[in-house]
Amino acid sequence: MRVLVLGGDGYLGWPTALHLSDCGHEVAVLDNFARRRYDEELGSQSLVPIEDLKVRVAAWKEVSGKEIPMYVGDLLDADFLYRAVREFEPEAIIHFGEQRAAPYSMIDREHAVYTQHNNVIGNLNVMYAIAEINPEIHLVKLGTMGEYGTPNIDIEEGWIEIEHNGRKDRMLYPKKAGSFYHLTKVHDSHNIEFGCRIWGMRATDLNQGIVYGQQTEQTTRDPRLATRFDYDAVFGTVLNRFVIQAALGQPLTVYGKGGQTRGMLDIRDTVECLRLAVENPAERGEFRVFNQMTESFSVKQLAELVADTYPGPVQIDYLENPRWELEEHYYNVKHTGLLELGLKPHLLSDTLIESLFPIVEENKHRVDMEKLFPSVKWSSAKNA
Ligand code: NAD
């Protein structure tokens, strides 16, 4: 199939492009390098050095013999996006291309507005490009498990049947997001579901859990193919950050009581979930939702797991929680859709955690210790 990967220079977009190309699909990537600019703005960098997109694409050609055309530009530029879609003629568009850090969206008004504008308008442009150029294109959109929040009832896969005053209906599952970033994903989901109803779009919304790990079968074939490994308190995801803290002899920083429980998955499962979603498209008019996660862990459990796996002593510190979130709560998520399509999960094991320590060891001279501590408070708006 012909697949256009939006956000194809990012942590997950790049390995997904490689995986699909390796599986025989014709893949192109589109990106405006916004993520690289956030690094410059925040003075942070990926722990593992990453090459420019041009070098990555050339390295993949050398290693595999396969071409990955690049479209460099902004999803907010509808003319550019339409040109890319007309020229590449994708059968599926995978949309990773959004600002994805909750703390970044909570820095101040400017960052909240940027995040909502970039994500919601970018996604709307993608929807219109599909509707106007070729409504057969399957949109595979990355959402997040954070859209649901932590309700005191089971979390269903996108939809819920509700009985109210003796009548029943199938409704979108209620959302209670925990940041202005997570809210952009809620808005996107609603916009896409509407597009499925009015234009007969075919869409898969992947409510993804927190991703850990840094290597896939394809990225390890050449160091130039490496993907990002973020550790800072703004973009670093929690398990990756704990591994780095342990390896550097720093305390693991758990926010609040650490009972916050989240769905998670291995980066090797992310790329495989994307393949499964693309190869098994939603029907015309269908808004299909999968909860893309394989296991749930509390932050405290993760910290203990990393501490137990690391060969040396590890301290766990409980910091004042900079976020607004429940620290003890019910969490039971249905996630059978991708398993039914054939996903064989890599569950979190000591081996995976152990495999991350040498990566840290090799790159530890690149770590800026200050960046490990939270710098953004959810309550930072004036008078809040
Ligand atoms: P990332 O920031 O590494 O990648 C996103 C890419 O999109 C970047 O390369 C960025 O430059 C690009 N981009 C952003 N805005 C753009 C625009 N307007 N035009 C063109 N390109 C643009 O993020 P990631 O970790 O790879 O996440 C990818 C997607 O998966 C995101 O939508 C994110 O919300 C979702 N997700 C990620 C995780 C996770 O743990 N990493 C968890 C759940 C959901």
Side-chain angles (χ1 to χ4, degrees), residues 4-17 29-42 44-46 48 50 52-53 56 70-78 80-81 84 93-105 114-126 129 140-148 177-189 205-214 216 219 226-230 232 234-241 262-267 269-271 273-274 277 290-294:
L4 178 60
V5 179
L6 312 179
D9 186 47
Y11 168 51
L12 302 176
W14 174 242
T16 301
V29 288
L30 181 153
D31 209 292
N32 69 345
F33 306 136
R35 176 69 189 86
R36 293 177 187 252
R37 287 193 293 276
Y38 309 144
D39 273 353
E40 282 165 26
E41 176 193 344
L42 301 171
S44 49
Q45 60 177 358
S46 160
V48 175
I50 50 163
D52 286 347
L53 186 57
R56 291 171 146 185
M70 286 185 296
Y71 292 94
V72 176
D74 195 326
L75 293 174
L76 298 188
D77 177 353
F80 155 76
L81 172 63
I93 295 182
I94 300 181
H95 184 11
F96 286 106
E98 300 197 329
Q99 190 299 99
R100 72 112 171 111
Y104 189 88
S105 75
Y114 164 79
T115 302
Q116 295 240 337
H117 186 246
N118 185 63
N119 294 5
V120 177
I121 306 304
N123 181 62
L124 209 48
N125 283 342
V126 174
V140 180
K141 168 68 172 47
L142 271 291
T144 156
M145 285 301 300
E147 291 181 44
Y148 298 116
S179 73
F180 286 121
Y181 151 70
H182 288 104
L183 279 159
T184 67
K185 300 289 188 176
V186 175
H187 306 328
D188 290 345
S189 295
D205 202 14
L206 296 170
N207 287 331
Q208 180 169 244
I210 301 171
V211 183
Y212 56 81
Q214 192 259 340
T216 64
T219 62
T227 195
R228 316 182 53 92
F229 192 5
D230 294 311
D232 61 283
V234 176
F235 275 91
T237 56
V238 62
L239 182 78
N240 289 355
R241 181 161 53 83
R262 300 287 182 266
M264 306 196 56
L265 77 163
D266 187 305
I267 190 169
D269 291 340
T270 291
V271 300
C273 288
L274 268 302
F290 294 136
N291 291 339
Q292 182 167 309
M293 53 167 279
T294 58

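Numbers for residues simply follow the sequence, beginning at 1. This is a predicted model, so every value here is computed, not measured. Atoms within each ligand, like the ligands themselves, are counted from 1 in listed order. Just the heavy atoms: all of them, side chains too, but no hydrogens, waters or symmetry mates, feed the values below.
Proximity of Gly73 to ligand 1 is established by a heavy-atom distance of less than 4.0 Å. Residue contact check for ligand 1: Tyr181 places a non-hydrogen atom closer than 4.0 Å to it.
With Phe235 as the aromatic partner, Arg35 meets the cation-pi criteria of under 6.0 angstrom to the ring centre and within 45 degrees of the ring axis.
Less than 4.0 angstrom separates some heavy atom of Gly7 from each of these atoms of ligand 1: 6 (C), 7 (O), 12 (C). Residue-ligand proximity, Thr237 to ligand 1, at heavy-atom distances under 4.0 Å covers atoms 40 (O). Interface atoms of ligand 1 facing Asp9, defined by a heavy-atom separation under 4.0 Å, are 9 (O). Close contacts of ligand 1 with Phe33, meaning ligand atoms under 4.0 Å from a residue heavy atom, involve 11 (O). Each of the following atoms of ligand 1 lies closer than 4.0 Å to a heavy atom of Ala34: 11 (O). Remark: ligand 1 atoms within the under-4.0 Å shell around heavy atoms of Asp74 are 17 (C), 18 (N), 19 (N). Shown in contact with Gly143 at under 4.0 Å from a heavy atom are these atoms of ligand 1, numbered in order with element: 44 (C).
With respect to atom 9 (O) of ligand 1, the closest heavy atom belonging to the protein is Asp31 OD2, 2.7 Å. In this structure, atom 42 (C) of ligand 1 lies nearest to the protein heavy atom Gly209 O, 3.1 Å. Looking from atom 33 (C) of ligand 1 to the surrounding protein, the closest heavy atom is Arg100 CB, 3.4 Å. For atom 21 (N) of ligand 1, the nearest protein heavy atom (residue, atom name, distance) is Asn32 OD1, 3.1 Å. With hydrogens left out, the protein atom closest to atom 3 (O) of ligand 1 is Tyr11 N, 2.9 Å, a heavy atom. At the top of the distance list for atom 4 (O) of ligand 1, counting protein heavy atoms only, stands Gly10 CA, 3.4 Å. With hydrogens left out, the protein atom closest to atom 39 (C) of ligand 1 is Val211 CG2, 3.8 Å, a heavy atom. The protein heavy-atom contact nearest to atom 38 (C) of ligand 1 is Gln208 NE2, 3.5 Å.
Within a 6.0 Å radius of OH in Tyr71, more than 12 heavy atoms belonging to other residues, nucleotides or ligands are found.
Under the 4.0 Å criterion applied to side-chain N and carboxylate O atoms, Arg228 and Asp39 are assigned as salt-bridge partners. Look at Arg56 and Asp9 and you find a salt bridge, because one of the NZ, NE, NH1 or NH2 atoms lies within 4.0 Å of a carboxylate O, short of that distance.
The option with the heavy atom closest to atom 26 (O) of ligand 1, from among Leu12, Asp77, Thr115, is Leu12. Nearest-heavy-atom check against atom 14 (C) of ligand 1 across Gly97, Gly122, Gly263 picks out Gly97.
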Working for salt bridge (Lys or Arg N to Asp or Glu O under 4.0 Å), residues Arg36 and Asp52 | CA-CA 10 Å; Arg36 293 177 187 252; Asp52 286 347; 3.8 Å; yes

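The side chain of Lys185, and not its backbone, has at least one atom closer than 4.0 Å to an atom of ligand 1 (non-hydrogen atoms only; side chain from C-beta on). Using a 4.0 Å cut-off between heavy atoms, Asn118 contacts ligand 1 through its side chain alone, with no backbone atom that close.
The N/O atoms of Phe235, backbone and side chain alike, include none that comes under 3.5 Å of an N/O atom in ligand 1. By the 3.5 Å distance cut-off applied to N or O atoms, Phe96 is counted among the residues near ligand 1. Close N/O approach between Arg35 and ligand 1 is found [any backbone or side-chain N/O within under 3.5 Å]. Among the atoms of His95, none of the N or O lies under 3.5 angstrom from an N or O of ligand 1.
Panel note: side chain Thr227, backbone Tyr11; a donor-acceptor pair is recorded below 3.5 Å. Side-chain atoms of Thr237 come within 3.5 Å of backbone N or O of Val211 as a donor-acceptor pair. At least one donor-acceptor pair closer than 3.5 Å links the side chain of Gln99 to the backbone N or O of Ala101.
Between Ile94 and Leu142, the closest heavy-atom pair is CG2-CD2, 4.2 Å. Taking each heavy atom of Leu75 and Gly97 in turn, the nearest pair found is CD1-O, 3.5 Å. Looking at every heavy atom in both residues, Gln214 comes nearest to Ala226 through NE2-CB, 4.1 Å. Scanning both residues, Ala102 and Ser179, for their nearest heavy atoms gives CB-OG, 3.4 Å. In terms of heavy-atom proximity, Asp230 sits nearest to Ser46 at OD1-CA, 4.0 Å. Here the closest non-hydrogen pair linking Asn119 and Glu98 is O-OE2, 3.1 Å.
Between Tyr38 and Tyr104, the angle of the ring planes lies from 30° to 60°, which puts this pair in the tilted group.
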